[in-house]
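Here is the structure we will look at, set down as structure tokens.
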Amino acid sequence: MAHRLATLESHANWATEGIMKLWDRADHVTGAIGLLSEDQRAFRNEMAEFRTEVAARFNGIDGRLDRVDGRLDSIDGRLDRVDGRLDSVDGRLDSMDGRLDRMDARFDSMDGRLDRLEGVVGAIAAHLGVQVQTSGD
């Protein structure tokens, strides 16, 4: 029985040593897990800071785009006013073109009348025996 107790004690010592080695390794593993957890927290914090920074930059870009959009709207309004003025000028030019066409027709009519008048004056002068100077067309 003493032999069995000694063997049992030997096995108990061996098991205790194994458990102690496992605990030592568990401490290393727990320490590594702790370091990983700290790294993970630090990474999460860095990512949160990065997201905040990116969001701030996007907000800045969005503000700039809003200002550019406002400027483009202002330019569009100015172009609309210029287009309206050009339409007005175009209408005036069309009106002037019509007036010039009517004036040209009046001049042609007047030229024809003057030609007829010269013919009448020439006939009267020939009848009277007087020489008349004409425009020379």
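This structure is a prediction, so every number in the text was calculated from the model and none was measured.
For the pair L72/D76, no side-chain contact is recorded, criterion being any heavy-atom separation below 4.5 Å from C-beta on. For the pair D97 and L93, the minimum side-chain heavy-atom distance is 4.5 Å or more. Counting only heavy atoms from C-beta outward, the side chains of L79 and I75 approach each other to under 4.5 Å. Counting only heavy atoms from C-beta outward, the side chains of E53 and E49 never approach each other to under 4.5 Å.
Here the straight-line distance linking atom CE of M110 with atom CE of M103 works out to 10.0 Å at 0.5 Å rounding. Put simply, CG on N45 and CE on M47 are 11.5 Å apart, with the number rounded to the nearest 0.5 Å. Rounding to the nearest 0.5 Å gives a distance of 4.0 Å between CZ of R99 and OG of S95. In this structure, CG in N59 is found 12.0 Å from CZ in R64, a value given to the nearest 0.5 Å.
The main-chain N or O of A48 is found under 3.5 Å from a side-chain atom of T52 such that the two form a donor-acceptor pair.
At a threshold of 4.5 Å between side-chain heavy atoms, the hydrophobic network of Ile, Leu, Val, Met, Phe, Trp and Tyr places V120 and V130 in one connected group.
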Test log, rule side-chain contact (heavy atoms from CB on, under 4.5 Å), inputs L100 and D104: CA-CA 6 Å; L100 287 173; D104 191 38; over 6 Å; no
